[in-house]
2 protein chains.
Amino acid sequence: MANAIYDPSDFPAVAVTVDLVVFTIRDGALAVLLVRRGIEPGAGRWALPGGFVRPDEDLDAAARRELDEETGLGTARLHLEQLASYGAPQRDPRMRVVTVAYLCLTPDPTTPVAGGDAADVAWTAVADLDETDLAFDHHRILVDGLQRARAKLEYTPVATSFCPAEFTVADLRRVYEIVWNTTLDARNFHRKVTGTEGFLLPTDRTTVNPDGGRPARLYTRGHLDLLYPPMLRAHHAPDRH
Amino acid sequence: MANAIYDPSDFPAVAVTVDLVVFTIRDGALAVLLVRRGIEPGAGRWALPGGFVRPDEDLDAAARRELDEETGLGTARLHLEQLASYGAPQRDPRMRVVTVAYLCLTPDPTTPVAGGDAADVAWTAVADLDETDLAFDHHRILVDGLQRARAKLEYTPVATSFCPAEFTVADLRRVYEIVWNTTLDARNFHRKVTGTEGFLLPTDRTTVNPDGGRPARLYTRGHLDLLYPPMLRAHHAPDRH
DNA sequence: TGAATAGTGTCTCTCAGACACTATTAG
DNA sequence: CTAATAGTGTCTGAGAGACACTATTCA
């Protein structure tokens, strides 16, 4: 932009929106928050929640406002970060729209999705979606968000963002297993996460298991924002035998 | 954006630009490509290269075009990826400008920077810049780009993007040392990078060292796009004694 | 020859993964 | 008691870091 002249006639009308990839874990599966479109194009189709950035609003603030409007979730416990921007000229057929996508991870909300001007809002299992189910390029954004979430579980403690304020090591392990779509050795996982200083803070409380089993200690998330050494998933091709 | 009405009067005039954080290694230091602004605000100050996204141009294409215009570098050998977007309401005093920042890594160009409409263009050592040297929020963008570049050296082979087509293991090690601002054990580094299948492809040629020393084998970059296991830098606080 | 740089061998320590084993609950 | 889940101990193999040593060049 260094030498540009700022005359509105120099550039076309561009709309800037934020779109949100909001993940949670419901019924043992990774789910994403979707809204049903009420207007053309793509009326009746599902899409990511989002909306215009307002004149005096920063991008992060717009994302947070849209999230509040569409979910009614308190902003406290959830993780929100910028994902990427998408601006292909024809991604919206009506006009040029550049969207800044955000990734949000939240615990399973006990209250069903509330408020907002979106008529129909639902959590949908990511595994049940295919490329043609979402409007615009939202499937691409979703896939990028999924990849980012999977990667961040490795080297940050964001997996705790899927858990309630107090949770067990098994709860956390199930988050990893669901998001990575894999199984982990419960014993090694326990040793690893409890051994990483600052990842989890033990409380003096425990859960009760309904049909037997030793009670599990409850933890809250610690202060770390980077896991070192990281949690590992297999990146190499699995061995054939 | 699901339920929004697309009437231009619904949103303010917004300009979308791309800005580029272009890094190279010059004279043993990490350097960034800067242009000197010719117009207000910030006339005479340095800024990141960039410009408007054109009406029928995707964001990536705009970044690549700006890069070509300002540097004249062939697009072949260089790494270009989206970094993040910045849209604070007052980041440009004249109007609302949302910019999509890109990160680019390139070998040291032997030809000085060419072309473009920027009058004054220069490679500047990153270490010589401080927070007040750049216009707008460009210092923040630069810092984000630096952090991204440092992180990507860990788990991808992008360090080779700083090297010419053929390079030695020592060349590659110097890239790591400069970008991470650290020193690495040359022998362990050699064992590590040559032992990672697909990172480097050996040629049958060698360099000649001007004042003695065994010739070094030349390599080209391999096909890998993810390093596993990653290159490690110390993330923990160094031990006191 | 010596200085300089490239590259290998080897030891130790940490840690991931496999998995036997102990601990604590409900019924 | 048994079933179930939580949590520990221990071995093995891979790999990072330290660093002695060999290899190959120029002056």
Side-chain angles (χ1 to χ4, degrees), chain A residues 28 153-155 163 166-177 180 182-197 199-219 226-239 241, chain B residues 28 153-155 163 166-177 180 182-200 202-219 226-239 241:
Chain A
L153 257 57
E154 289 187 73
Y155 60 93
C163 297
E166 296 196 329
F167 54 90
T168 67
V169 172
D171 293 335
L172 187 64
R173 178 169 48 81
R174 273 170 221 124
V175 169
Y176 276 92
E177 291 180 334
W180 284 352
T182 187
T183 58
L184 299 171
D185 185 281
R187 300 157 293 184
N188 291 335
F189 183 87
H190 188 286
R191 193 155 30 74
K192 168 87 179 181
V193 298
T194 56
T196 300
E197 178 85 25
F199 191 174
L200 303 180
L201 295 177
T203 70
D204 51 4
R205 248 156 316 144
T206 57
T207 47
V208 177
N209 284 304
D211 41 28
R214 173 173 170 175
R217 164 161 263 120
L218 285 164
Y219 293 84
L226 220 52
L227 296 180
Y228 187 84
M231 308 295 293
L232 293 182
R233 54 176 170 154
H235 281 86
H236 50 273
D239 289 326
H241 53 85
Chain B
L153 257 58
E154 290 188 73
Y155 60 94
C163 297
E166 297 196 329
F167 55 90
T168 68
V169 172
D171 292 335
L172 187 64
R173 177 169 49 82
R174 271 170 221 124
V175 169
Y176 276 90
E177 291 180 334
W180 284 352
T182 186
T183 58
L184 299 171
D185 185 281
R187 299 156 294 183
N188 291 335
F189 183 88
H190 189 284
R191 195 159 25 78
K192 167 87 180 180
V193 298
T194 56
T196 299
E197 178 85 23
F199 191 175
L200 304 181
T203 70
D204 51 3
R205 247 157 318 146
T206 58
T207 47
V208 177
N209 284 304
D211 42 26
R214 173 173 167 174
R217 163 160 264 118
L218 285 164
Y219 292 84
L226 220 53
L227 296 180
Y228 187 83
M231 307 296 293
L232 293 182
R233 52 176 170 154
H235 281 88
H236 51 273
D239 289 325
H241 54 85

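Chain naming here is simple, since letters A, B, ... match the order of the sequence lines and numbering starts at 1 in each. A quick note: this is a predicted structure, and the numbers were derived from the prediction, not measured.
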Here the side-chain hydrogen bond (donor to acceptor under 3.5 Å, both in side chains) pairs for residues 202-216 of chain B, sequence neighbours left out, are E166(B)-R205(B)
Using atom [atom1] of [X] as one end and atom [atom2] of [N] as the other, report the distance to the nearest whole Å.
X	N	atom1	atom2	answer
L218(B)	dA6(C)	CG	P	11 Å
F167(B)	dT5(C)	CZ	P	20 Å
L172(A)	dG7(D)	CG	P	12 Å
L227(B)	dG15(D)	CG	P	14 Å
Y219(A)	dG7(D)	OH	C1'	9 Å
F189(A)	dA6(D)	CZ	C1'	14 Å
L232(B)	dA18(D)	CG	P	12 Å
R191(A)	dA23(C)	CZ	C1'	17 Å

Categorize A170(A) for me: base, sugar-phosphate, or nothing, with a 4.0 angstrom heavy-atom threshold over every strand shown. sugar-phosphate
With nearest nucleotide decided by heavy atoms, which residue, R173(A) or G213(B), maps closer to the 5′ end of DNA chain D? R173(A)
Which nucleotide in [options] has an atom nearest any side-chain atom of [X]:
X	options	answer
D211(A)	dC26(D), dA6(C), dA4(D)	dA4(D)
R214(A)	dA6(C), dT10(C), dA23(C)	dA23(C)
D185(B)	dA18(C), dT24(C), dC19(D)	dC19(D)
R187(A)	dA16(C), dA23(C), dC21(C)	dC21(C)

Straight-line distance of [X] [atom1] to [Y] [atom2], nearest 0.5 Å:
X	Y	atom1	atom2	value
Y155(A)	E154(B)	OH	CD	10.0 Å
L218(A)	C163(A)	CG	SG	11.0 Å
L232(A)	N188(A)	CG	CG	11.5 Å
R174(A)	L184(A)	CZ	CG	12.0 Å

Can a side chain N or O of H190(A) be found less than 4.0 Å away from OP1 or OP2 on dG7(D)? yes
Report yes if a donor N or O on one partner sits less than 3.5 Å from an acceptor N or O on the other, where the partners are the side chain of N209(B) and the base of dA6(C); otherwise report no. no
Residue whose nearest DNA chain C nucleotide is more 5′ - K192(A) or P210(A): K192(A)
When the nearest nucleotide of DNA chain C is assigned to N188(A) and to G212(A) on a heavy-atom basis, which residue is associated with the more 5' position? N188(A)
